[in-house]
Amino acid sequence: MKQMINVALPKGRLGEKVYSMFEAAGYECPSIREKNRKLIFENEETGIRYFWVKPSDVAIYVERGAADIGVAGKDILEEYHPNVYELLDLKTGVCKMMVAAKSDFHDDHSKTLRVATKFANIARNYYAGKSRDIDIIKLNGSIEIAPILGLSDVIVDIVETGTTLKENDLVVYEDIFPISARLIANKSGFQFKTEEIETLVAALKEQVEQS
Amino acid sequence: MLDESILKREEQAVFALRSLYSGYGYQPYKMSKFEEYDLYARNKDFLVSDSVITFTDTNGKLMALKPDVTLSIIKNYKDEPGCTQRVYYNENVYRVSDETHEYKEILQTGLECMGEIDFYNLCEVLRLAAESLRSLSGDYVLAISHMGFLAGLLKEADADEAFSEKVSGLIADKNAHEIPRLCEEYQVSPELCEKLVKFIGIYGRRDVVLSELEPFCEGETMKAALEELRALSAELDTWKDSEKIRFDFSLVNDMRYYDGLVFQGYVAGIPDVILSGGQYDRLMKRMGRKSGAIGFALYLDLLEAFQSGNRSFDVDVILLYDEDADLTLLKEMAESYQKKGLSVSVQKQKPKKLSCRQLVKFNNKGVEVLETND
């Protein structure tokens, strides 16, 4: 008997893009395109059940086994280090984790660097690797404003096109790592649905290579 | 006679496992809740989490609440040439949870086999691991890996520590797509890079894995590991449920402590690894012992979430009485329910949160049924 695969998709633009890839790979679920407020969609024929969750929660659903697989950005995986398999780079939602600062920023190594970010662990690890003493200012949004108002010296954040930075007279100071959407799987669930998940990964891989 | 249905899942498991292990001559091992902190400080990397709950003892010594059992057992082990010492335990350990970053009490049951470990001992411990999983659920998987392959590959790469650590992490995550980038960063040869990517893809059925590994193995370390797995697989073929025992090299343990076999067990419906074990000869050596050792632990606290549905009622019967009740008759009435095997809570008023199958009111002649919830 074919077992249902539970998939946690990130709500929003990225999730919709990713769903299109699943659809093209043969895992369609037409009801998901209907305009309604449902959160769970399933297609017994293809043996798949999708649900939309907040992007930063996808890894939690997968790690705790509520979803067998899910799609999460590399930023989330690096920040929280969930204990999951990372099976495929979907090569979509591409952007970068970067250090940015005001265009006239001069890095004074004799002082503690004040870093504003949503990604406290990533920032901490990055600067620990450079043995740099930093003061982390954890913010939940509008990070770019921090150096402008003098709240921080630099920011550690995701940069997609750089438009927001440019418009606020900020520049990329250093690259940390590239980001894209990744297919993750629960380690225990994988043991019991190996074949189903492998088939799905192979089909998605084809989509990735085609695009 | 003990009614087993009253036991919680983890309690039932503890009893079943105890009888399983003692059947193989394993001796119970009871230890104190505390251990000198120094033991953990010296072997910090062996611990699953580095945070340990410490306190100062009355004599000024820094003590710790046990985060691990294996180290304490080795500490008390004396080499005895030609023999093996086999013990099992059932203890609470205290660790920081990866998810919540808070201390958690974990009920751990496991066994250790220490001494001159041979093929027979390896098979026995694996058999007990498989039997332990089966006693929890028929739907289980025991994944076995051998540290020799990764060690061999890294030796070939002549890799530095930073690369080894990162590549181990990627292998553990079955993350093949980032291997090329990492290899480029550390200037590792394209041949080895390709090998690592392939290696991540080798897992699953034992016969398939063995044939895929064959052309892969160069160097003594890997060839020896392959031989060991081949012999093991032939033995496993004769076991019950042998298709549930697979090879999976994404299972990586710290090479400073583990060499040889490492294994993990999964039960369908439990999202985490429930059984974890391996051969830790290196740890024994670090702690000054000449013998080898192999063992495993089961995290029984995970079973709590595995209960099939919630219990629908707290008690079978709530027996209500008032001031006029004759207490002797009331007691007899309660006992008559208990004799029928029903649980009964005697109350003056029905507590709000206590659910019951039947709510009855006692009068000195008998009972009047007020509510039935079946």
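Computation of the quantities below employed the complete heavy-atom set of this structure, encompassing side-chain atoms and omitting hydrogens, waters and symmetry-equivalent molecules. In the text below, chain A, chain B and the rest are named by the order of the sequence lines, each starting its count at 1.
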Between A:Lys187 and B:Asp173, the two heavy atoms sitting closest are NZ-OD1, 3.9 Å
Ignoring hydrogens, what is the shortest heavy-atom contact between B:Asp248 and A:Tyr85? Give both atom names and the distance.
OD2-OH, 3.7 Å
When the 4.5 angstrom heavy-atom criterion is applied to B:Val273 and chain A, the contacting part is neither
Between A:Val84, A:Asp68, A:Val62, A:Asn186, which is the residue that forms a side-chain contact (heavy atoms from CB on, under 4.5 Å) with B:Pro271?
A:Asn186
Decide if atom CD of B:Glu243 counts as having more than 12 heavy atoms of other residues, nucleotides or ligands within a radius under 6.0 Å.
yes
Looking at every heavy atom in both A:Gln191 and B:Arg246, which two are closest together, and how far apart are they?
O-NH1, 2.8 Å
Would you please go through residues 190-215 of chain B and name the residues with a non-hydrogen atom below 4.5 Å from one of chain A, in numerical order?
B:Tyr203
So for A:Lys205, is it side chain, backbone, both, or neither that comes closer than 4.5 Å to the heavy atoms of chain B?
neither
So for B:Ile274, is it side chain, backbone, both, or neither that comes closer than 4.5 Å to the heavy atoms of chain A?
neither
Could you grab the distance from atom CD of B:Glu178 to atom CD of A:Glu86, nearest 0.5 Å is fine?
5.0 Å
Using a cut-off of 6.0 Å, state whether more than 12 heavy atoms not belonging to A:Phe119 lie near its atom CZ.
yes
Is it the case that atom NZ in A:Lys138 sees more than 12 heavy atoms from other parts of the structure closer than 6.0 Å?
yes
For the pair A:Arg182 (side chain) and B:Asn175 (backbone), establish whether a donor and an acceptor sit closer than 3.5 Å, ignoring hydrogens and angles.
no
Under 4.5 Å from any heavy atom of chain B - which part of A:Phe190
side chain
Is the backbone of B:Tyr266 close enough, under 3.5 Å, to the side chain of A:Ser188 for a donor and an acceptor to pair up by distance?
no
Which distance, rounded to the nearest 0.5 Å, do you find between the NZ of B:Lys174 and the CD1 of A:Ile184?
15.0 Å
Under 4.5 Å from a heavy atom of chain A, the part of B:Gln264 involved
neither
Listing, residues 8-19 of chain A side-chain donor-acceptor contacts under 3.5 Å, not counting sequence neighbours, or none:
| residue | atom | partner | partner atom | Å |
| --- | --- | --- | --- | --- |
| A:Tyr19 | OH | A:Cys29 | N | 2.8 |
| A:Tyr19 | OH | A:Cys29 | O | 3.2 |

How about B:Glu184: does its CD atom have over 12 heavy atoms from other parts shown lying under 6.0 Å from it?
no
